[in-house]
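Quick note on labels: first sequence line is chain A, next is B, and so on, each numbered from 1. Values below: every heavy atom of this structure, side chains too, minus hydrogens, waters and symmetry copies.
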Amino acid sequence: MTDDPVDLSALDPARDSARWEARIGAVTTRVLAARRRKVSVGDQLALWARPSMAVAASLALVTWAGVWAFGGLAPAVQRSSDPAIELARWASTGELPATPQLMKLLGDSHGRD
Amino acid sequence: MLSDDATRAWVHRARRGEPAAFEALVRAYLRPAYAVALAIVGRPADAEDVAQDALVLAFERLETCREPERFGAWLLQIARNQAKNWLDRRKLRDVPAGEGAEEVDPGALPDASAERGALLRALGALRPAEREVVLLHDLEGFTHGEIASALGISEVHSRQHLFQARQRLRAALGSASEGHT
């Protein structure tokens, strides 16, 4: 019968299994090294973006929890955000501030810097 | 060989840089790449080097593999090209330009066993397409469908090449063993 498989096992590279496993390990190592070299700065940033966002979100959560637990922002923080809050209030309500109010706000802010 | 779905999943994971995915794909496709390379370069040690280079190159270009489920066929095409380039370089290095085309150099390894040497000599007498088909089928266990997909030929051609290859191999191996007795 001529249609039976030909025994080519003498050419099987995996006959020496330990050697073949070592070869697979070597190829994988080479592939990974080549891949690492190829990764650009942009790719690295992209890789780090997700964990960085997670860390930032965690810090924000901890900060918010701290503020909530200790009953609001510290006075210094409140003071420093006063002009911003005031401006935001004017912007959101459409209220036109009086000139003295505006001068006081700018003066306060300027004086603080 | 991995299924199409498994291959696609591993390729996606490799694109994300997962080391386990690289190892899974290397484990699954290093041997087929070796078989294709051996069909062209004719020396097992050289074929292993070519297969290794083909895999490294394939992973460097992994983003250009348009059909991840056909990673195997795509890789084997890279392995063929690498093997042909390697053969061209060897011809320039080893023999005067213009001699022979795609002939193999069986038994070149000094430590080759008699059986291995006889097989390599017999394979060297086959046409390149026959060598690829018989190595993928009888050494790697590919089906004709897988061979057709990997080599870009029809299943009918794959069967014809295999039939011819087996006949020629048996004839060559038979005469070799008669010559030794």
Side-chain angles (χ1 to χ4, degrees), chain A residues 1-69 77, chain B residues 14-31 33-35 38 44-45 47-49 51-63 112-120 122-123 134-135 137-141 159 162-171 173:
Chain A
M1 181 71 184
T2 57
D3 211 24
D4 291 334
V6 176
D7 180 11
L8 299 175
S9 58
L11 301 176
D12 187 345
R15 282 213 304 185
D16 182 345
S17 59
R19 189 182 150 279
W20 187 246
E21 283 300 314
R23 171 71 79 161
I24 286 174
V27 177
T28 306
T29 303
R30 230 185 110 188
V31 164
L32 287 171
R35 187 85 183 170
R36 270 196 292 272
R37 277 197 304 275
K38 193 170 173 271
V39 174
S40 67
V41 175
D43 293 332
Q44 290 284 11
L45 287 174
L47 281 174
W48 279 98
R50 196 181 293 180
S52 302
M53 290 294 283
V55 169
S58 304
L59 286 173
L61 191 64
V62 168
T63 307
W64 175 82
V67 167
W68 181 79
V77 174
Chain B
R15 281 177 172 166
R16 290 198 296 268
E18 291 183 31
F22 291 110
E23 190 187 337
L25 290 168
V26 169
R27 193 172 288 282
Y29 289 105
L30 185 58
R31 278 181 60 130
Y34 159 83
L38 180 61
E48 286 188 24
D49 289 344
Q52 177 169 329
D53 289 347
L55 269 156
V56 172
L57 188 60
F59 282 117
E60 282 180 359
R61 298 176 179 173
L62 195 56
E63 278 69 23
S113 66
E115 183 188 6
R116 192 168 149 115
L119 266 177
L120 288 169
L123 279 168
V134 75
L135 283 168
H137 193 283
D138 286 358
L139 183 61
E140 295 305 317
R159 288 178 198 283
L162 182 65
F163 184 77
Q164 294 285 339
R166 284 174 173 173
Q167 275 196 326
R168 285 155 160 266
L169 279 177
R170 285 204 174 84
L173 291 171

Contact between [X] and [Y] at the side-chain level, heavy atoms closer than 4.5 Å - yes or no?
X	Y	result
B:L123	A:L11	yes
A:D12	B:R31	yes
B:R170	A:D4	yes
A:R30	B:D53	yes

What's the separation between atom CD1 in A:I24 and atom CD in B:Q52, rounded to the nearest 0.5 Å? 11.0 Å

Find the distance between CG (A:L8) and CD (B:E140) and round it off to the nearest 0.5 Å. 10.0 Å

Start with the C-alpha gap between A:V31 and B:E23, add the side-chain angles, then the distance that decides, and say whether side-chain contact (heavy atoms from CB on, under 4.5 Å) holds. CA-CA 9 Å; A:V31 164; B:E23 190 187 337; over 6 Å; no

What are the two closest heavy atoms between A:A10 and B:E115, and how far apart are they? CB-CD, 3.8 Å

Considering non-hydrogen atoms only, spot the tightest contact between A:P5 and B:R166 and give its length. CA-NH2, 3.5 Å

Heavy-atom distance under 4.5 Å to chain A: side chain of [X], backbone, both or neither?
X	result
B:L169	side chain
B:Y34	side chain
B:L135	both
B:A47	neither

Do other residues, nucleotides or ligands put more than 12 heavy atoms under 6.0 Å from B:R61 CZ? no

Heavy-atom pairs under 4.5 Å with chain B: which of A:D7, A:T29, A:V27 has the most? A:V27

With B:E48, which residues qualify under side-chain hydrogen bond (donor to acceptor under 3.5 Å, both in side chains), at least two apart? A:R19, A:R23

Those residues at least two apart in sequence (or on a different chain) that pass side-chain hydrogen bond (donor to acceptor under 3.5 Å, both in side chains) with A:D16 are none

Given that the side chain runs from C-beta out, which part of A:L32 has a heavy atom under 4.5 Å from chain B: side chain, backbone, both or neither? side chain

